[in-house]
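The block underneath contains the structure these notes are about, expressed in structure tokens.
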Amino acid sequence: MNPVSVNPDMVHERAAELRNASPEAIVRWTLDTFPQRTALTVSFGGGGLVLAHILSQIDATVPVLFLDTGFHFPETLKFKDEFVARYGLRLVELHPATEPGPLYQTDPDRCCWIRKVEPLERALVEGEYQSWISAVRNDQTSTRAGVDVLEYHRVKDRPIVKVYPLAGWSRDQVGEYLREHDVPHHPLMDQGFTSIGCWPCTRATRPGEPERAGRWIGLGKTECGLHTFTVKV
Ligand code: SF4
């Protein structure tokens, strides 16, 4: 399948049209526009479950990228396997190119780069993907507050359309969707984990704390870099 010609103006126009559309409609538009050139990233902790479920209803052959950092909770790995089997997803596990050891103790930004960002960047470029769907929501953090449903970015001089079907959704809406559609949730959510990443860098949150308050405690770090390494045009 040849690449689809896209430009920033076209993406901005479609974003305006799709801003109030349902996540399902946005996923359908993406798959129709970029056939065989779309990937979904999922960490199996929250909104990604909604998108993986939607994808399974439309086209379960679309690659679902999972970053195997080597530091996931055992519960995450078990839940991932069960979820993928239940919905027949086409899982693609991405691994770091090197094994730097417990770098999270001394340089978490570098650790996230080696274990998350570089493997994903490599996969997006080598897979020649033109669109990347993920579950970023405006209400998660101040740095995510401005994301649109579609954005035109560049990865290593290649254009890529970032697709955020849940940009306008709240955390409660994610929970409602999972309940309404009988979609299973990550078991650690029942133990107070509102955002689930690697075990060395994640704790449960207390009532009233922001959703991502349990990530990288005391390190002044709020993002792993996955949603900031591309260049927005
Ligand atoms: Fe390393 Fe922690 Fe980032 Fe995981 S979340 S890649 S352990 S710094």
How about [X] and [Y]: do any of their side-chain heavy atoms sit closer than 4.5 Å?
X	Y	result
Val147	Lys162	no
Thr194	Glu209	no
Leu67	Arg115	no
Phe83	Val42	no
Phe229	His153	no
Glu75	Ile196	no
Thr33	Met10	yes
Leu31	Leu55	yes

Please find the pair of heavy atoms, one from [X] and one from [Y], that lie closest to each other, and give the distance.
X	Y	value
Ala60	Gly88	CB-O, 3.6 Å
Arg215	Gly197	NH2-CA, 3.6 Å
Pro23	Pro165	CG-O, 3.6 Å
Ala15	Asp148	CB-OD2, 3.7 Å
Arg203	Ala213	NH2-O, 4.0 Å
Gly48	Ala135	N-CB, 3.4 Å

Mind checking the [atom1]-[atom2] spacing from [X] to [Y]? Nearest 0.5 Å is all I need.
X	Y	atom1	atom2	value
Arg137	Tyr164	CZ	OH	13.5 Å
Ser56	Leu49	OG	CG	11.0 Å
Leu65	Leu40	CG	CG	7.5 Å
Asn7	His12	CG	NE2	9.5 Å
His227	Gln140	NE2	CD	8.0 Å
Leu124	Leu120	CG	CG	4.0 Å

Test side chain to side chain contact (heavy atoms under 4.5 Å, CB included) applied to Trp29 and Leu150, step by step: CA-CA 11 Å; Trp29 176 87; Leu150 302 179; 3.7 Å; yes
Please answer: with hydrophobic residues joined when any side-chain heavy atoms are less than 4.5 Å apart, are [X] and [Y] in the same cluster?
X	Y	result
Tyr152	Val4	yes
Val27	Val84	yes
Leu51	Val136	no
Ile160	Val11	no
Val163	Val174	yes

Distance-only criterion, 3.5 Å: show the donor-acceptor pairs between side-chain atoms of residues 102-111 and protein atoms not counting sequence neighbours.
residue : atom : partner : partner atom : Å
Thr106  : OG1  : Leu103  : O            : 3.4
Asp107  : OD1  : Arg110  : N            : 3.2
Asp109  : OD1  : Lys221  : NZ           : 2.8

Please list all pairs passing the salt bridge (charged side-chain N to carboxylate O under 4.0 Å, His left out) test where one or both residues lie in residues 56-65, with sequence neighbours left out.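 Matches after skipping sequence neighbours: none remain.
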Could you tell me whether a side-chain N or O of Thr69 sits under 3.5 Å from a main-chain N or O of Phe71, the two making a donor and an acceptor?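 The answer is yes, because a donor-acceptor pair under 3.5 Å joins these two groups.
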Short question: side chain of Arg37, backbone of Glu128 - any donor-acceptor pair under 3.5 Å?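 At least one qualifying donor-acceptor pair exists.
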List the steps, then state whether side chain to side chain contact (heavy atoms under 4.5 Å, CB included) holds for Cys198 with Lys116. CA-CA 11 Å; Cys198 299; Lys116 294 184 175 183; 4.2 Å; yes
Picking from Phe79, Phe44, Phe66, what satisfies ring-ring contact (aromatic ring centres under 6.0 Å, His included) with His72?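 When Phe79, Phe44, Phe66 are each tested with His72, the ring-ring contact (aromatic ring centres under 6.0 Å, His included) holds only for Phe66.
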Between [Y] and [X], does any NZ, NE, NH1 or NH2 come within less than 4.0 Å of an OD or OE carboxylate oxygen?
X	Y	answer
Glu176	Arg171	no
Glu211	Arg144	no
Glu17	Arg14	yes
Glu82	Lys78	yes

May I have all residue pairs that pass side chain to side chain donor-acceptor pair (under 3.5 Å) and include part of residues 38-49, sequence neighbours excluded?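 Non-adjacent pairs meeting side chain to side chain donor-acceptor pair (under 3.5 Å): Thr38-Ser131, Thr41-Trp132.
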In terms of heavy-atom contacts, does CG of Asn20 have more than 12 from other residues, nucleotides or ligands at under 6.0 Å?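 Atom CG in Asn20 is not crowded, with 12 or fewer foreign heavy atoms closer than 6.0 Å.
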For Ser195 and Thr202, what are the C-alpha separation, side-chain angles and deciding distance, and is it a side chain to side chain contact (heavy atoms under 4.5 Å, CB included)? CA-CA 8 Å; Ser195 175; Thr202 309; 6.0 Å; no
Identify all side-chain donor-acceptor contacts of residues 182-192 below 3.5 Å with residues at least two apart in sequence or on another chain.
residue : atom : partner : partner atom : Å
His185  : NE2  : Asp190  : OD1          : 3.0
His185  : NE2  : Asp190  : OD2          : 3.2
His186  : ND1  : Leu188  : N            : 3.1
His186  : NE2  : Thr76   : OG1          : 2.7

With sequence neighbours excluded, tell me which residues meet side chain to side chain donor-acceptor pair (under 3.5 Å) with Tyr177.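 Expected list: His53.
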Once side chain to side chain donor-acceptor pair (under 3.5 Å) is applied, do any residues pair with Glu118, and if so which ones, sequence neighbours excluded?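 Partners of Glu118 under the side chain to side chain donor-acceptor pair (under 3.5 Å) test: Arg122.
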